[in-house]
Amino acid sequence: MVYSGRSMTARDFRSHSIFKWLYPGMHIKRWLLLLVVGVVLMGLGISYVLREAYLSYTFPGTFYYITLQFIPRWARGLLFMSMSLSTVAIATWKLNQSLLYAFVRPDRGYAETIYNKRVLGRGPRIVAIGGGTGLSNLLRGLRDHTSNLTAIVTVADDGGSTGRLRQEFGVIAPGDIRQCIAALAEAEPLMSKLFQYRFTGGDGLEGHSFGNLFIVAMSEVTGNFEAAIHETSRVLNVRGTILPSTLEDVTLSAMTHEDEMVH
């Protein structure tokens, strides 16, 4: 098979939204087959009724043209079968569009959405521990293979926007958690970009990340930082679970060879 001028690899096959309808575990093919069987049985029943009516009743001459009797029977059969398949396919597709409209993101297809729920939901269970840009980049890569992700994030950062918020509000560090949420978010790309936006001016706002302020505000509303992470993840439709390594206000320290404590 040729795809975009080159041989189609297994990865290309999985990534193409049309072929994802045929991917194992989508729970689509079996119901489509059942639908086809049902339509065939209905057509068979109707054909028996029409045959009986055709043999027992004399129709006016106009029915000769209405029923296309001037075309060979095998040609009429193929014509009606093709028309039936086309109408059933169009009706099914449009019905699914109407039913799934409220649940599918505009920038993602129906197959993509079902694939993420069905296939990635059975992916390996992975727990990642760490912080900084390394953990968020790791999660961004893993999310394409499984949605069973759990990130245990360090909360010892005390620099930049995070450090200022810790001093002013007494919360645990939201910065690394914000990056993990953005990495696993299924929300609109604009929302993820907004969550990562950092103010470049403004009295008291310069240097702050909108996502950090959002998480801190959510913790004030919910009264609990862990609940704030959960609600923020729900709003941004995060694929996986994000947990702080501790809910205590901790400071990362180290002891040198000269017994000097460094914070």
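Throughout, residue positions are numbered sequentially from 1 according to the sequence presented.
Side chains of Leu213 and Leu165 form a contact here, defined as non-hydrogen atoms less than 4.5 Å apart. In this structure, the side chains of Ile229 and Pro244 come closer than 4.5 Å at one or more pairs of heavy atoms. Taking 4.5 Å as the limit, every side-chain heavy atom of Phe214 sits out of range of all side-chain heavy atoms of Leu236. Considering only heavy atoms from C-beta on, Glu226 comes within 4.5 Å of Leu247 through its side chain. A heavy-atom distance below 4.5 Å is not found between the side chains of Cys180 and Ile177. The closest side-chain heavy-atom distance from Val153 to Ser245 is not below 4.5 Å.
Ile215 and Val221 are not part of a single hydrophobic cluster, where members link through side-chain heavy atoms under 4.5 Å apart. Under the 4.5 Å side-chain heavy-atom criterion for grouping Ile, Leu, Val, Met, Phe, Trp and Tyr, Leu194 is connected to Val238 within one hydrophobic cluster. Hydrophobic clustering keeps Met218 apart from Leu243 (ILVMFWY residues linked when any side-chain heavy atoms are closer than 4.5 Å, directly or through intermediates).
Taking CD of Gln179 as the start and CD1 of Ile181 as the end, the distance is 11.0 Å to the nearest 0.5 Å. Atoms OG1 and CZ, from Thr232 and Phe225 in turn, are 8.5 Å apart once rounded to the nearest 0.5 Å. Note that the CG atom of Asn212 and the OG1 atom of Thr162 stand 4.5 Å from one another [nearest 0.5 Å]. Between atom CG of residue Leu79 and atom CE of residue Met83 there is a gap of 6.0 Å, rounded to the nearest 0.5 Å. One distance of note links CZ of Arg143 with CD1 of Ile126; it measures 14.0 Å at 0.5 Å rounding. Summarising the geometry, atom CD1 belonging to Ile129 is positioned 11.5 Å from atom CG belonging to Leu138; distances are rounded to the nearest 0.5 Å.
Taking each heavy atom of Leu139 and Ala128 in turn, the nearest pair found is CD2-CB, 4.1 Å. For Thr133 against Ser136, the heavy-atom pair with the smallest separation is O-OG, 3.0 Å. When all heavy atoms are compared, the tightest approach of Met261 to Ser253 is SD-CB, 3.6 Å.
A distance-only check finds no donor-acceptor pair linking the side chain of Arg239 to the backbone of Leu149 [under 3.5 Å]. Arg198 contributes a side-chain N or O that, together with a main-chain N or O of Gly207, makes up a donor-acceptor pair within less than 3.5 Å. A donor-acceptor distance shorter than 3.5 angstrom exists from the side chain of Asn148 to the backbone of Gly123, with no hydrogens or angles considered.
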Run the numbers on Thr222 and Glu231 for side chain to side chain contact (heavy atoms under 4.5 Å, CB included), then give the verdict. CA-CA 9 Å; Thr222 60; Glu231 292 301 321; 4.2 Å; yes

Take Leu85 and Ser82 through the side chain to side chain contact (heavy atoms under 4.5 Å, CB included) test and state the conclusion after the steps. CA-CA 5 Å; Leu85 291 176; Ser82 61; 5.9 Å; no

Chi angles and distances behind the side chain to side chain contact (heavy atoms under 4.5 Å, CB included) call for Ile172, Thr246: CA-CA 9 Å; Ile172 64 175; Thr246 179; 6.0 Å; no

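Open room surrounds CD on Glu248; 12 or fewer heavy atoms of other groups in view lie less than 6.0 Å from it.
Under 3.5 Å, the side chains of Arg178 and Ser209 contain a donor-acceptor pair of N or O atoms. In the model, His208 has a side-chain atom that pairs as donor or acceptor with a side-chain atom of Arg164 under 3.5 Å. Between the side chains of Thr154 and Asp176, no donor N or O sits under 3.5 Å from an acceptor N or O.
Between Phe199 and Tyr197, the gap from one ring centroid to the other is short of 6.0 Å.
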